Structure formats: structure tokens, C-alpha cells
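Everything below concerns the one structure shown next.
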There are 2 protein chains.
Amino acid sequence: MPSEAEILDAALDLLDAGGPKAVTIRGAAAAIGAAPHAVYTYFADKAALERALLERLLDLPEKITGADDWRSEVEQLALELRRRLAAHPGAVPLLIGGPLDGPGPWRFGERLLTLLTEGGLDPAAAARGSYAVMVFVLGSIALEVADVPGAGALPPETERVDARRAALSEVPAGTYPRTAAAAGVMATWVGTEQFRWGLQRLLDGLALHP
Amino acid sequence: MPSEAEILDAALDLLDAGGPKAVTIRGAAAAIGAAPHAVYTYFADKAALERALLERLLDLPEKITGADDWRSEVEQLALELRRRLAAHPGAVPLLIGGPLDGPGPWRFGERLLTLLTEGGLDPAAAARGSYAVMVFVLGSIALEVADVPGAGALPPETERVDARRAALSEVPAGTYPRTAAAAGVMATWVGTEQFRWGLQRLLDGLALHP
DNA sequence: ACCTGAACACCGTTCAAGT
DNA sequence: ACCTGAACACCGTTCAAGT
């Protein structure tokens with residue numbers, strides 16, 4: 001009855017329902033009606049199960065449509081990764097917690113390298129730049145996901161932006177005046193708008209040093 | 001015998017010796033020779049212990065010396081945070097895994113806001129910009145720490161750069177040609193040099209949109 | 001208030017045994 | 001090869017009882 005795919009399905013359900021800590025060997029085994037040790041036939045240990053789960057979520061589509069230049073193509077690619085991970089917030093701590101290797105991260109990095117090269121960056125700048133973009137994209141998603149308490153799906157974006165604004169306005173204004181004031185002046189602070197804005201500022205900087 | 005400080009000392013030892021998963025209520029209790037439940041007198045639950053541990057690592061010094069303009073001051077501040085976290089790599093998953101509130105993150109954000117405002121950014125751009133910088137800094141550190149297997153202290157930087165280069169050169173060159181080639185063209189890729197370069201590109205972009 | 005000690009409901013992983 | 005079932009050495013947290 002058990003199979004690699006079936007175990008991963010079960011693990012993904014656990015991830016979505018209870019967050020990264022809910023992904024357990026025993027839980028996945030129980031979900032498919034097998035003994036705990038049955039999982040070890042398909043995955044060497046819990047880390048291997050987590051890696052396989054991540055790989056499954058990182059198969060970004062080969063073609064991105066609706067982008068007319070390299071900068072908006074980078075943005076679309078980043079937004080696509082962001083969408084994937086927002087759909088499974090529990091995966092983010094797993095992704096950020098382990099080394100970025102394997103086909104998923106390689107595909108993402110390769111596409112960034114290609115786009116930055118098309119944008120006119122020399123190989124060294126493209127290499128450094130693609131890593132900087134990866135850092136920004138994953139850091140943004142990580143902080144955004146970390147902001148949300150609980151384990152289930154992310155609440156609607158407007159709600160998250162409001163929650164962030166509310167949290168900022170509760171910062172002690174005496175000791176952190178600018179931080180408290182930021183609740184009033186910011187346009188969005190977290191959310192897609194902030195994500196795109198920050199990414200474009202980084203791309204601005206990269207374009208200055210081709 | 002137990003006290004809040006003593007428990008935190010023990011928890012920090014556990015963190016440094018065995019990584020974030022080694023920080024346990026029972027482990028800290030055992031280290032100070034108390035029963036597991038004694039910890040609950042000082043910390044409501046494990047999450048509270050982790051938060052207190054993080055707060056202890058994030059008391060950045062008020063003055064940064066040796067910086068003559070706002071950009072290098074931002075860089076020095078970011079480098080200081082990076083040093084702190086590099087000294088306790090196990091803390092990074094904890095920091096990135098929870099919401100960025102509490103005095104430590106607030107102080108860091110407030111100082112970024114002040115520096116960006118000094119740099120001529122209007123309040124909205126400073127707010128968005130400071131968040132972008134935070135994202136970049138924490139994302140960089142997270143990816144760099146995640147790259148290192150095992151739980152102890154980070155190996156020397158030259159070693160980590162070499163390891164990253166070696167990992168890149170083992171990427172299948174047929175499917176990911178640019179990624180594999182990056183092992184040869186990059187200057188450092190991870191490490192302080194890459195960190196500073198990426199941060200400066202982001203600051204370039206921020207300076208363009210004051 | 002603060003501690004101990006036992007207990008409950010979990011973990012990952014290992015071992016011995018089956019088919 | 002792949003599974004079961006029992007076991008080992010852990011968890012966080014709760015409960016009852018002490019002082």
C-alpha cells in the first residue's frame with residue numbers, strides 16, 4: 001500500500017495542517033495506514049523526507065508569460081516562487097533551514113543567471129547578483145511567513161498588511177519613535193507591493209554595476 | 001538554584017553545542033540540575049525560552065565606530081548583526097522562524113530608519129527601505145548558515161567559500177550550465193565580500209528613489 | 001511561589017522477526 | 001525487498017503533591 005508519492009502526499013497534508021513541526025515520520029505512516037518504520041523503505045530519515053517534500057513544491061513552470069523585459073521577468077519568477085511558498089507556508093522554515101541544493105534551487109538559480117546575463121551583467125556580476133536576488137526573495141518570504149502566528153494557510157494579504165500596521169503602531173513610541181511612526185507613513189510594509197518594490201530597488205543597484 | 005539567567009546560559013550552551021533542535025526544556029533543566037518542570041516557573045513554554053534566548057543575542061552596541069557616512073554605517077550595523085549570529089549559527093533558524101518583534105528587532109529597525117532618513121530618504125522610502133535591508137541581511141545570514149552542515153560553530157570563512165565553490169562545480173553542467181560555470185567566475189559567492197556587495201547594490205537602488 | 005516526581009501523549013530511530 | 005510490532009531513548013507539557 002505505501003509508496004513514495006503516497007507518503008509525500010500525506011506529509012504535505014500534515015505540513016499544511018500543522019506546520020513544519022507536524023511533518024513526522026509517524027504521522028505520515030499513520031495517515032497511509034502503515035507502521036512507522038514502513039516510511040524508512042522510501043526515505044533514509046526525516047531529513048530526506050523533508051527534502052523530497054521541498055523538491056515537490058519547487059518545480060516552477062519553465063515559461064513565465066506576460067513579462068516583456070528581463071527585469072519584469074525576474075519579478076514574475078520571484079512572484080511565482082512567492083506564490084508557491086505562500087500556498088504552503090510551513091515549507092518556508094524547511095527551505096530556509098537547509099542547504100539550497102537539488103534540482104529546484106538549481107533551476108531557480110539558473111534562470112536568474114540567464115535573465116541577469118540577458119540584462120547585460122557580466123558573468124561575475126550575474127553570479128553575485130543572482131545570489132543577492134535569491135537572498136532577497138527567500139528572506140522576504142521567510143519574514144512574511146514568520147509574521148503569521150499559527151500553522152495553517154496564510155490569511156488574505158490585506159489582513160496581513162493591516163496586522164503588520166497594527167503591530168507597528170504598538171511599538172513603544174518613546175524608545176522607537178521612527179518605528180512607531182512608520183505605521184502611519186508606509187504604503188504597505190510586507191505584502192506583494194513591498195516585495196516588488198524592494199526587489200526592484202535591488203535590481204536598480206544591480207543594473208548600475210553590470 | 002535555578003534562575004532565569006542560569007537557564008538561559010544553559011540553553012545557549014545547548015544551542016551552540018547541538019543547534020536549535022538541541023534547545024530543550026529538559027536539557028536546560030538537566031544542565032542546571034533541576035527537574036524539567038522547574039523551567040516553567042521562569043518561561044511559560046518552550047517558545048518563550050527561545051524568544052528570551054534570541055533577545056539575549058540581539059543586544060547590538062549603541063555606537064558603531066569607524067563609519068563616516070550613512071551607507072557605511074548601515075553596512076557596519078549589518079556586519080555587526082552578522083557577526084553576532086555567525087557566533088551562534090543555531091540561533092538563525094529561531095530568529096527567522098518567528099515574528100520580528102521585541103526590543104532587539106525594534107532597535108535594529110529603528111537604527112536603520114534613522115540612518116536611511118539621514119541618507120535623505122523620505123519617511124515612506126525609509127520605512128520600505130529599512131524593511132528591504134532587514135530582509136536582505138537576515139536572508140543572507142540564513143542562507144549562509146543553512147549551507148553549513150552540522151550544528152557547531154561556523155568554519156572559517158575561506159573554508160566556507162571553498163566549500164560553496166566545490167558544491168557549485170558539482171552541479172550538472174548539462175542542465176544548469178551557467179550555475180556550474182559560476183564556480184569559476186565568481187569572486188566569492190557567500191562570505192563577507194558577497195554580503196557587502198549585495199547590500200551595497202540594494203543601497204544603490206534605495207539611494208536612487210529617495 | 002517554587003520545586004519534585006510521576007505521568008501522558010508524543011517523537012526519530014533501531015532491532016528482531018516475519019513474508 | 002518490504003512490512004509489522006516492540007522497544008529505546010528522547011521530547012513538551014500536565015498533574016498531584018510537597019515546602
Side-chain angles (χ1 to χ4, degrees), chain A residues 1-56 90-91 93-99 146 149-152, chain B residues 1-56 90-91 93-99 146 149-152:
Chain A
M1 188 69 97
S3 74
E4 195 177 312
E6 207 183 359
I7 294 169
L8 280 180
D9 285 342
L12 187 56
D13 287 344
L14 292 172
L15 182 74
D16 291 339
K21 285 180 185 175
V23 177
T24 62
I25 301 265
R26 295 176 104 102
I32 61 170
H37 190 71
V39 173
Y40 285 85
T41 301
Y42 304 93
F43 302 97
D45 52 21
K46 199 194 169 191
L49 175 62
E50 290 175 348
R51 286 179 66 88
L53 195 54
L54 276 177
E55 203 52 56
R56 194 184 148 132
L94 300 181
L95 180 59
I96 221 88
Chain B
M1 186 70 95
S3 74
E4 195 176 311
E6 207 183 359
I7 294 169
L8 280 180
D9 284 343
L12 186 56
D13 287 344
L14 291 172
L15 181 74
D16 290 340
K21 287 181 184 174
V23 178
T24 63
I25 300 267
R26 295 176 104 102
I32 62 170
H37 189 70
V39 174
Y40 286 86
T41 301
Y42 304 92
F43 302 97
D45 51 21
K46 199 194 170 193
L49 175 62
E50 290 175 348
R51 286 179 66 88
L53 195 54
L54 276 177
E55 203 53 56
R56 195 183 147 134
L94 300 181
L95 180 60
I96 220 88

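No experiment lies behind these values; they were computed from the predicted model shown. Both backbone and side-chain heavy atoms feed into the values below; hydrogens, waters and symmetry mates do not. Numbered from 1 within each chain, the chains take letters A, B, ... in sequence-line order.
With values rounded to the nearest 0.5 angstrom, A/Leu15 atom CG is found 9.0 Å from A/Glu50 atom CD. Separation of atoms CD1 (A/Ile25) and CG (A/Leu14) is listed at 11.0 Å; rounding is to 0.5 Å. Atom CG of B/Leu95 sits about 10.5 Å away from atom CZ of B/Arg51, to the nearest 0.5 Å.
Listed nucleotides D/dC3, C/dG12, D/dT13 differ in distance to B/Pro36; the shortest reach to its side chain belongs to D/dT13. Side chain of B/Ala38, nearest nucleotide from D/dT13, C/dT4, C/dT13: C/dT4. Among the nucleotides D/dG12, D/dC15, C/dT13, the one closest to any side-chain atom of B/His37 is D/dC15. For B/Ala35, taking side-chain heavy atoms from C-beta onward, the closest of the listed nucleotides C/dG5, D/dT13, D/dC3 is C/dG5. Among C/dT4, D/dT13, D/dC3, the nucleotide with an atom closest to any side-chain atom of A/Pro2 is D/dC3.
Straight-line distance from the NZ atom of A/Lys46 to the C1' atom of C/dC11: 8 Å, rounded to whole Å. In this entry the distance linking CD1 of B/Ile25 with P of C/dC8 reads 21 Å, nearest Å. In this entry the distance linking CZ of B/Phe43 with C1' of D/dG12 reads 16 Å, nearest Å. Separating the CD atom of A/Glu6 from the C1' atom of D/dC2 is a distance of 14 Å, rounded to the nearest angstrom. Between the CZ atom of B/Arg26 and the P atom of C/dC11 there is a distance of 15 Å, rounded to whole Å.
The partner of D/dG18 is C/dC2, by the rule that a Watson-Crick or G-U pair needs both atom distances under 3.5 Å. C/dA7: Watson-Crick or G-U partner is D/dT13, with both key distances under 3.5 Å.
At least one side-chain heavy atom of B/Leu8 sits less than 4.5 Å from a side-chain heavy atom of B/Leu49.
For B/Tyr40 and C/dA1, the shortest distance from a side-chain N or O to OP1 or OP2 is not below 4.0 Å.
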